[in-house]
Amino acid sequence: MSAIAMPETKPTTIAAEPYEFEFEPGHCALLIIDMQRDFLEPGGFGEMLGNDVSQLRRTIEPNKALLSAWRAAGLTVIHTREGHRPDLADLPPAKKVRGKSATTIGDEGPMGRILIRGEAGHDIIPELYPQPGEPVIDKPGKGAFFATDLHAILQNRGITQLVVTGVTTEVCVNTTVREANDRGYNCLVPSDCVGSYFPEFQEMGLKMIKAQGGIFGWVSTSGAVLEAIA
Ligand code: C5J
């Protein structure tokens, strides 16, 4: 028996590529990946590294609309944050030194220690802030299933499908969709709700998901998902 009762909802289809997605709202969670201040806000770590945060910020409004509809329908919402323990015990040395940057994970950044749990920059942007009852998965890796209890939470709620949004398209979104696919979840990615600092990675990151008959999942838009919820 599921630990949490899911609402009875009718299956419907969502226009998507490479073909229609059979949407079962009561078994589908909205999984919002790493919409954290350090990745998205001007003055954060992402911008400090020279990235154009406007490429990510364009996803905020469509995510807000989707989140609001999901909440109104009483469906499962889950948020993730990439980050590490303050003592860095879960930070692989290889991840710490990758990039050879002068400032790396755990160092003091513009919004507190970079990618450290409890620091301002690590938290989720106010526009999409989790509500009580919405699980927040703190993940040390790029994929949301690695070293987390996400799979158990989804299983306990009878979730078989995911609408995956957030940042960045080619890194944490793609890694999570691939992990989910290998665990048997059907994933749909609304293209306007995911973002990359690099337009070419945005394009290819989405193409990789839907290629070869949907090898990792489906790609659609927030408008099509909202229509299906309505
Ligand atoms: C995410 C990253 N969230 N790009 N992290 O994609 O390092």
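Only this structure's heavy atoms are used, side chains among them; waters, hydrogens and symmetry mates stay out. Ligands are counted one by one from 1 in listed order, and the atoms in each one are counted from 1 as well. All values reported here derive from a predicted model rather than from experimental measurement.
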Is it true that Lys95 and Glu82 have a side-chain N and a carboxylate O under 4.0 angstrom from each other? yes

Taking heavy atoms and a distance under 4.0 Å, where does Val167 meet ligand 1: side chain, backbone, both or neither? backbone

Any idea which protein heavy atom is nearest atom 1 (C) of ligand 1, and the distance to it? Cys172 SG, 2.7 Å

What about Tyr185 and His151, are their ring centers closer than 6.0 Å? yes

Residue portion contacting ligand 1 (non-hydrogen atoms closer than 4.0 Å) for Thr168: both

Counting N and O atoms only, with roles assigned by atom type, does the side chain of Glu179 sit under 3.5 Å from a partner on the main chain of Phe145, one being a donor and the other an acceptor? yes

Asp34 heavy atoms within 4.0 Å reach ligand 1 at atoms 1 (C), 3 (N)

Contact between Gln36 and ligand 1, counting heavy atoms under 4.0 Å? no

Donor-acceptor under 3.5 Å (Lys96 side chain, Ile105 main chain): yes

Checking His122, Glu119, Met111 against Arg37 for side-chain contact (heavy atoms from CB on, under 4.5 Å), the one that qualifies is Met111

Within a distance under 4.0 Å of any heavy atom of Val171, pick out the atoms of ligand 1 and give their elements. 2 (C), 4 (N), 6 (O)

Relative to the ring of Phe201, is the ring of Phe198 parallel (under 30°), tilted (30 to 60°) or perpendicular (over 60°)? perpendicular

Per-atom contacts of ligand 1 with Glu82, taking only distances under 4.0 Å to non-hydrogen atoms: 1 (C), 2 (C), 3 (N), 5 (N), 7 (O)

Would you mind running through ligand 1 and noting each atom that sits below 4.0 Å from a heavy atom of Lys142? 2 (C), 7 (O)

